[in-house]
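Notes follow the structure.
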2 protein chains.
Amino acid sequence: MSNLVSVKFATLSEDIAQQLSRAIVQGHIPQGSKISEAELAKQYGVSRGPLREAIVKLEGLGLVTRTANVGARVIELNIDDMLETFAMREALEGMAARLASEKMPEEEVTRLYHLLDEHQAYLDANHDEHYVQQGGNDDFHLRIIHASGNTKLIRLLTEELYAVIRMYRHHTADQRRDPRQALREHRAILDAIANHEGDLAELLMRRHISRASQLLKQAMEQCLVKP
Amino acid sequence: MSNLVSVKFATLSEDIAQQLSRAIVQGHIPQGSKISEAELAKQYGVSRGPLREAIVKLEGLGLVTRTANVGARVIELNIDDMLETFAMREALEGMAARLASEKMPEEEVTRLYHLLDEHQAYLDANHDEHYVQQGGNDDFHLRIIHASGNTKLIRLLTEELYAVIRMYRHHTADQRRDPRQALREHRAILDAIANHEGDLAELLMRRHISRASQLLKQAMEQCLVKP
DNA sequence: TAAATAAAAATTGTCGACAATACAACTTGA
DNA sequence: TCAAGTTGTATTGTCGACAATTTTTATTTA
């Protein structure tokens, strides 16, 4: 009986999985900590069955690691793992950008240009304070991913990889020291997509993500924000 | 109490997940069929608990889809899904080839050349009958993937994506009509890796996989081998 | 006959209890 | 004192039973 709102899902298991995922991503359950079934079950007011099922799902998402007869632990963030994750993200989002440049409808291109204009305006108004776009519908990357039209790719990126990616964002200090640069890169990517230049869109997206991973790496080297 | 050998895993859940996975990939449990918890539990001689856990894992692997209060169904293979899967595979294995060209040790390069020679000899001896390399240690692709050194990439490709990919291989007729062409492509990829030409290795791997998906598509259009 | 409703059966979701395993503390013997 | 073995406790793995939901079947009505 802990968390604020318990959005009612169809089953307890889904509900718990969702809550646990958020708790881990946002650091309420610290990295490397042990997941005690009995404890969490009592905490969330359910029996161990659904909770266990939720943990198995989290293992599939890569948020926890499980060992037989020992239990589950929250993953620990480190630079090597981050680089690995971002290498995969580079490959997959690059492909998404390529596909998007073939399939994105004109209206969505227009809407995305408007979105970038809004971001620009935000930066102008807020003294370059970087905008947070964590998974909302106004996240440029998510829009590109969805425009790829590849449902499997969408699922993998948005439901699996992004859980870990958000975790890295949450646990490291504000790494975007030059949000205008990121915005310029977004605009270049969108230009390529608008012109249906798949190769270029992929290239630019990969560079963009590669650069982000380097920035994140630097941020992690300086200080890993401990929960 | 059905399957031939029940390799003893640490937990029943792992054991069942493994067996179910094989049964689905090999078509012993037909596509689109319903997974009845009670029935399978009796069949494998376990209670519904571990079996349920196994099903949740299979859902994570994308082998079954689950809907609340209704149950799990084996996925149904179709061309669109196949193309989606192979698009992801193209992106990820392309990245793997790129990384492998940076990290693969000389000895492994030599061993892989020998492996390709063996394949060549096999084709010469067996009248171009295509060699089956389903997930064994002599699978060229798996060796490249492992040489990438990216553990997350390895896990995703070998444990998740390849389950579905093997399923497509199993359920479609012999699609490789020109195994020598595939071998030539493998050799070209390995050449690029040996020369540490990451860009080229990635490009060639992507072309290779793209070509394979086109062949598979043609095979599926002609006849989907029903179980 | 067909559609709509209600009862029944089957299946999934959840729970509490027991068994098996792992880890810690303690004892024993050299 | 230290190593090995033993016991005890805590945690996970598994099970069978009950509750909730869906699907099927039977019944009623237009």
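Sequence lines set the chain letters: A, B, ... in the order given, protein chains first and strands last, and positions in each chain run from 1. Just the heavy atoms: all of them, side chains too, but no hydrogens, waters or symmetry mates, feed the values below.
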Polar pairs (N or O, both sides) under 3.5 Å between protein and nucleotides 21-24 of chain C?
unit_1  : atom_1 : unit_2   : atom_2 : d
dT21(C) : O3'    : Asn69(A) : ND2    : 3.3

Close N/O contacts between protein and nucleotides 15-18 of chain D (under 3.5 Å):
unit_1  : atom_1 : unit_2   : atom_2 : d
dC15(D) : OP2    : Ser47(B) : N      : 2.9
dC15(D) : OP2    : Ser47(B) : OG     : 3.2

Evaluate Phe86(B) against Lys217(B) for side chain to side chain contact (heavy atoms under 4.5 Å, CB included), listing each step before the verdict.
CA-CA 11 Å; Phe86(B) 271 68; Lys217(B) 181 186 173 192; over 6 Å; no
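Taken residue by residue, residues 55-67 of chain A places no heavy atom nearer than 4.0 Å to DNA chain C.
Ile165(A) has its side chain within reach of Arg89(A): a pair of non-hydrogen atoms, C-beta onward, lies under 4.5 Å apart.
Remark: C1' of dA10(D) and CD of Glu39(A) are 13 Å apart, rounded to the nearest angstrom. dT14(D) atom P lies 7 Å from atom CZ of Arg52(A), rounded to whole Å. We find that CD of Glu37(B) is positioned 16 Å from P of dT21(D), with the value rounded to whole Å. In this structure, Ile35(B) places its CD1 atom 10 Å from P of dT12(C), rounding to the nearest Å. Going from atom CG of Leu40(B) over to atom P of dT11(C) covers 12 Å, rounded to whole Å. At whole-Å resolution of the value, CD in Glu53(B) and P in dT12(D) are 12 Å apart. Counting to the nearest Å, the P atom of dT12(D) and the CD atom of Glu14(B) are 15 Å from each other. For the pair Arg73(B) CZ and dT22(D) P, the interatomic distance rounds to 16 Å; values are reported in whole Å.
Residue Leu77(A) is tested with Ile75(A), Asp81(A), Ile79(A) for a side chain to side chain contact (heavy atoms under 4.5 Å, CB included); the sole match is Ile75(A).
Rounded to the nearest 0.5 Å, atoms CZ (Arg73(B)) and OG (Ser36(B)) are 11.5 Å apart.
At a threshold of 4.0 Å, the pair Glu202(B)-Arg98(B) counts as salt-bridged, since one of the basic side-chain nitrogens sits closer than that to a carboxylate oxygen.
Tyr168(A) is linked by a side chain to side chain donor-acceptor pair (under 3.5 Å) to nothing, counting only residues two or more places apart in sequence or in another chain. Residues passing the side chain to side chain donor-acceptor pair (under 3.5 Å) test with Glu76(A), sequence neighbours excluded: none. For Arg66(B), the side chain to side chain donor-acceptor pair (under 3.5 Å) test picks out Glu53(A), Glu59(B), with sequence neighbours left out.
Side-chain N/O atoms of Lys34(B) include one lying less than 4.0 angstrom from OP1 or OP2 on dT12(C).
Neither side chain, His186(B) nor His119(B), offers a donor N or O lying under 3.5 Å from an acceptor on the other. For the residue pair Lys57(A) and Ser21(A), no side-chain donor N or O sits within less than 3.5 Å of a side-chain acceptor on the partner.
Note on Ile16(B): nothing from the nucleic acid sits closer than 4.0 angstrom, heavy atoms only.
Ring to ring, His141(B) and His208(B) are close: their centroids are under 6.0 angstrom apart.
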